[in-house]
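Structure first, commentary second.
For reference, positions follow the sequence shown, starting with 1. Numbering of ligands and ligand atoms starts at 1, following listing order.
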Amino acid sequence: MIRLVRGFKDILPSDTALWQHVEVLVRELLEDFGFSELRIPILEQTELFARSIGTGTDIVEKEMYTFIDRSGDSLTLRPEATASVVRAYIEHGIYAKTPECKLYTTGPMFRRERPQKGRYRQFYQINAEVFGLHDPRADAELILLLMTIVGRLELSGAGLHINSLGCPECRPQFREALKPFLRGQTEELCSNCLRRRDKNPMRIFDCKVPTCKKAMLDAPSILDYLCETCRAHFETVKSSLDRFQIPYQINHRLVRGLDYYTRTTFEVLAEALGAQDAVAGGGRYDGLVKALGGPDQPGVGFAIGVDRLIELLAAQAQSFERRPHLFIAALGLRAQDTAFQWVQEFRMQKVRAEMDFENRSLKSQMRRADKLGVSYTLIVGDRELDDGAVVLRNMTTKEQENVPVQDLVRLVVNRIRTE
Ligand code: AMP
């Protein structure tokens, strides 16, 4: 038997109702906050990710699905969406018409990470990106949107962490201050971090190896090195969050795994997820549009990890499974033929109806109705058709009533709608 590729998964019908619930709710909120949908391809030039995410990052160094296509181009399955959104913003001249714009996109991302609980090689994100706004209130508004999504989904146990990564003015001083500290941690750091110590020292904050995490507890804080502009920016983000009563924790070790961030970064973490505890993350990336060949326009965005969000909601025992409303137990060929007609008519009226095609016994059809969890069952045999009335059984109260065959669909639809 041919099986799934490792790290990939099927989303089964028993789970898709919850996925759809999340997608619909998030889409509605994004549109309420002024976002328009952008659809981008899954495949891009490798260069796009190398230039945006950064060559010293885990993603670019070892996690991308890259291949040479038949014409010799190096292509990559997108590991994240921001780079593609920025490419589209530049390529279609969106910045010229609407420099200030809010875009969202949803879909699968691909990273060849070590598969484990909550970490897949194909996973789904919902991404929101805001272009053209320097104002820190844009950062706060985006965080407010993210936390509103969390709230509307009634997700419990999710906490917001925020930080500022400074800008090209102040960050170099922090990196210099970090280096002597890291030189004193040779014993504690993993080989990967030792290799990055000089080239990309801030990445070490992101390492998940326990000894590295422990070593970084005493590291200097970037917040002590922010320039005046970055400090003021961060203050406004915080005061705006206070104003809308969004609780947060300042976490100076929050650097995120991509190089393009400047100033505000944030993550939503949920302990219940275990080691892979980030449900969503984002931040400001003021230099990215320019670095990818566009105008000097700022950006800020977030990505929600839908798989992890779903895992949390599923654990909270919320059920979104869409059960059929009605089962028609038909006995005899003539009754079956009528039931076949009715089932289609019910569906046209948005009533989810099912029937049995196998002419099974009444007992076995009633068992199937129970299993489907329908609220009503219609019981119809050839005799009922001759008498002009069939039995409608309320599966919860077990009460039965006769419904005239004439006008049956309308009567039953009304009964189900007034439930
Ligand atoms: P990132 O682009 O790394 O900031 O990721 C944003 C969000 O996507 C994270 O907070 C996770 O919820 C989710 N995510 C990232 N990588 C994976 C993965 N390998 N499997 C499942 N979800 C992921």
Side-chain angles (χ1 to χ4, degrees), residues 4-11 15 19 22-23 26 40 44 48-49 52-54 56-65 76-86 104-129 142-143 146-147 149-150 153 155 157-163 165 202-203 205-208 251 253-262 264-285 288 299-315:
L4 272 169
V5 177
R6 190 165 130 83
F8 287 64
K9 66 172 179 187
D10 297 311
I11 302 168
D15 297 326
W19 280 75
V22 169
E23 285 157 1
V26 176
I40 44 178
E44 298 273 3
L48 176 69
F49 302 116
S52 57
I53 299 169
T57 58
D58 276 353
I59 297 180
V60 173
E61 274 186 353
K62 48 188 189 195
E63 294 170 0
M64 296 202 304
Y65 281 96
T76 293
L77 285 178
R78 62 180 185 195
E80 59 106 43
T82 305
S84 307
V85 176
V86 171
Y104 77 90
T105 190
T106 69
M109 307 295 152
F110 304 84
R111 294 183 197 171
R112 204 177 181 289
E113 295 184 86
R114 196 170 52 79
Q116 64 181 89
K117 185 177 169 295
R119 197 203 263 159
Y120 309 99
R121 290 178 168 177
Q122 174 175 333
F123 58 96
Y124 294 80
Q125 285 189 345
I126 298 171
N127 290 78
E129 316 286 350
L142 203 61
I143 298 174
L146 181 58
M147 297 317 284
I149 292 172
V150 167
L153 287 169
L155 189 69
L160 170 67
H161 289 226
I162 61 168
N163 190 25
L165 294 183
M202 283 174 67
R203 279 276 71 79
F205 282 111
D206 216 28
C207 183
K208 299 283 184 282
N251 177 357
R253 287 183 292 273
L254 179 66
V255 295
R256 319 237 328 105
L258 307 94
D259 271 359
Y260 52 61
Y261 287 108
T262 51
T264 319
T265 53
F266 51 90
E267 250 173 16
V268 175
L269 304 178
E271 248 176 50
L273 284 173
Q276 301 301 319
D277 59 355
V279 190
R284 181 165 275 281
Y285 48 85
L288 184 60
V300 52
F302 67 67
I304 300 174
V306 186
D307 309 70
R308 292 184 193 168
L309 189 61
I310 298 286
E311 202 175 299
L312 285 168
L313 291 173

R111 side-chain N/O to I59 backbone N/O, donor-acceptor pair under 3.5 Å |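 Here the side-chain-to-backbone pair does not exist.
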Between [options], flag the one that comes closest to [atom] by a heavy atom.
atom: atom 1 (P) of ligand 1; options: E267, R111, M109; value: R111
atom: atom 21 (C) of ligand 1; options: G118, P115, G281, A303; value: G118
atom: atom 14 (N) of ligand 1; options: Y120, F123, Y124, F110; value: F123

Is any side-chain N of the basic residue among K9 and D307 closer than 4.0 Å to the acidic one's carboxylate O?
->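 Yes, K9 and D307 are salt-bridged.
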SB check R112 E63 (cutoff 4.0 Å) =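 No.
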Taking only residues two or more places apart in sequence or in another chain, which ones pass side-chain hydrogen bond (donor to acceptor under 3.5 Å, both in side chains) with E23?
->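 side-chain hydrogen bond (donor to acceptor under 3.5 Å, both in side chains) check on E23 returns nothing, list empty.
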Contact partition for R121 relative to ligand 1, non-hydrogen atoms under 4.0 Å =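 Looking at R121 and ligand 1, no heavy atom falls under 4.0 Å.
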Do any nitrogen or oxygen atoms of A278 lie less than 3.5 angstrom from nitrogen or oxygen atoms of ligand 1?
->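 Yes, A278 has an N/O under 3.5 Å of an N/O on ligand 1.
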Report yes or no: does V279 have a heavy atom closer than 4.0 Å to ligand 1?
->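 Checking ligand 1 against V279, which is what was asked, there is a heavy-atom contact under 4.0 Å.
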4.0 Å heavy-atom contact, R119 with ligand 1 |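 Distance cut 4.0 Å: R119 passes for ligand 1.
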Using the test ring-ring contact (aromatic ring centres under 6.0 Å, His included), find all partners of F110 that sit at least two apart in sequence or belong to another chain.
->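 Expected list: none.
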Do M109 and P79 come within less than 4.5 Å of each other through their side chains, counting heavy atoms only?
->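 Sidechains of P79 and M109: no contact.
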